[in-house]
Amino acid sequence: MSSMPSDPLPPPQTQINGHGEEEPLLGHRPPPPISDDEAVCHTLFRNLYTSTALLAQIGGLAFVIVVWVANLKQPLMLFTAHPLLNAIGVLLLLESTLLLQPTHTPKQKHTGAIVHSILNGTAFILMYSAFVVIFVNKLNHHGAHFESAHAIIGLTTYILMFLQATVGIVQFYLPNVVGGEANAKAIYKYHRISGYLILLFILATAISVTYTPYIAYVLKIRTWFVALCSVVILAGVLPRVSLKKLW
Ligand code: HEM
């Protein structure tokens, strides 16, 4: 008598659902513990997208994409580097601000300040290179310097950024210059206030550029669009400002 083919054996318990024998009966295995440094990095990284930070990211990225696309659609020239470098610089400054909103533990503050200074340092190199580019470009074309609203607000922004960076470097890396760490820490709140003011100057520079003839008639980047990006950026950044750290 021919026997029916027996049912295939059920998969061994160890393979059901892909879980191993060591899987606890109740719930999943807890994730492996992470080191202190990793926890700090996670917190800082989460600051870039949690709560209203996502709005700031959308506004900042929309601005960068439109500036890059509009410029790259035109023939490349020396001028092109000015908007491209400045737009990336602005985005890096935005990231370095969001990163510190907020930090709580001394380790978060210390690591946050180091990453903040690296991002800002990179942004400054890009943005001051953009300044050299536009300055040389104007010299080449015998153009008048610092005439338009964009040029005047932009120059003011560059000067404020330089002062801000100098104070930032002194308070964190060279506290002895101001008589020690306690004095340096007393300056932090002014650095925060001026940082947010500089953000306003940067956004005003970006909005005012839409009134320059090349941007208005050739690149056609609209004032309302840059103003909207600015509002969205501020809606992302301002609610995260800790008032008690400012006063
Ligand atoms: C937000 C960061 C920016 C800063 C701080 C800045 C700063 C400046 C400064 C100081 C000048 C005058 C240079 C001179 O007169 O020798 C200038 C000129 C110019 N920039 Fe910017 N800029 C920024 C972003 C941009 C962007 C994103 C664009 C284009 C989308 C742009 C387009 C121009 C144009 C067309 C000029 C020449 C017309 C003028 O003198 O107003 N800039 N910028």
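Values below: all heavy atoms of this structure, side chains included; hydrogens, waters and symmetry mates excluded. Numbering starts at 1 and runs along the sequence shown. First listed ligand is number 1; within each ligand, the first listed atom is number 1.
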Polar side chain donor-acceptor pair, T210 to R222, under 3.5 angstrom: no
Flag for N71-T80: side-chain donor and acceptor within less than 3.5 Å: no
Parallel, tilted or perpendicular: ring planes of F45 versus Y49, cut at 30 and 60 degrees: perpendicular
Centroid separation Y211 to H150 less than 6.0 Å: no
Heavy-atom side-chain proximity of L98 to Q57 below 4.5 angstrom: yes
Protein contact to atom 7 (C) of ligand 1 [nearest heavy atom, distance to 0.1 Å]: Y158 CE1, 3.5 Å
Nearest-option assignment for atom 17 (C) of ligand 1, heavy atoms, candidates H141, M161, H150: H150
Nearest non-hydrogen partners of S148 and T212, listed with the distance: OG-CG2, 4.2 Å
Aromatic plane relationship, H116 with H191 - under 30° parallel, 30 to 60° tilted, over 60° perpendicular: perpendicular
Atom indices of ligand 1, in the order listed, that fall short of 4.0 Å to a heavy atom of I215: 29 (C), 30 (C)
Region of K138 that comes within reach of ligand 1 [heavy atoms, distance under 4.0 Å]: side chain
Minimum-distance protein heavy atom relative to atom 36 (C) of ligand 1: I134 CD1, 3.8 Å
Nearest-contact summary for atom 11 (C) of ligand 1 - protein heavy atom, Å: A151 CA, 3.8 Å
For ligand 1, the portion of H82 having any non-hydrogen atom under 4.0 Å away: side chain
For L155, the ligand 1 atoms whose distance to one of its heavy atoms is below 4.0 Å: 10 (C)
Element-labelled atoms of ligand 1 that are located less than 4.0 Å from some non-hydrogen atom of S148: 39 (C), 40 (O), 41 (O)
Atom 29 (C) of ligand 1 [closest protein heavy-atom partner, distance rounded to 0.1 Å]: P83 CB, 3.4 Å
Nearest neighbour in protein (non-hydrogen) for atom 15 (O) of ligand 1: F146 N, 2.8 Å
Centroid separation F124 to F162 less than 6.0 Å: no
Taking atom 34 (C) of ligand 1 as the reference point, the nearest protein heavy atom with its distance: F79 CE1, 3.5 Å
Minimum-distance protein heavy atom relative to atom 23 (C) of ligand 1: N86 ND2, 3.0 Å
Proximity to ligand 1 by part of L219, non-hydrogen separation under 4.0 Å: neither
H145: numbered ligand 1 atoms lying under 4.0 Å from its heavy atoms: 14 (C), 15 (O), 16 (O)
Centroid separation H110 to F172 less than 6.0 Å: yes
Option nearest atom 4 (C) of ligand 1 (shortest heavy-atom distance, choices L139, T205, V64): T205
Residues Y173, S117; criterion side-chain hydrogen bond (donor to acceptor under 3.5 Å, both in side chains); working and verdict: CA-CA 10 Å; Y173 290 107; S117 66; 2.7 Å; yes
Proximal atoms of ligand 1 relative to V90 (non-hydrogen, under 4.0 Å): 1 (C)
Numbered atoms and elements of ligand 1 in range of G154, under 4.0 angstrom, heavy atoms: 5 (C), 7 (C), 10 (C)
Atom CZ of F79 with >12 non-hydrogen neighbours under 6.0 angstrom: yes
From L48 atom CG to T97 atom OG1, the distance as rounded to the nearest 0.5 Å: 10.5 Å
Residue, atom name and distance, where the atom is the protein heavy atom closest to atom 32 (C) of ligand 1: V209 CG2, 3.2 Å
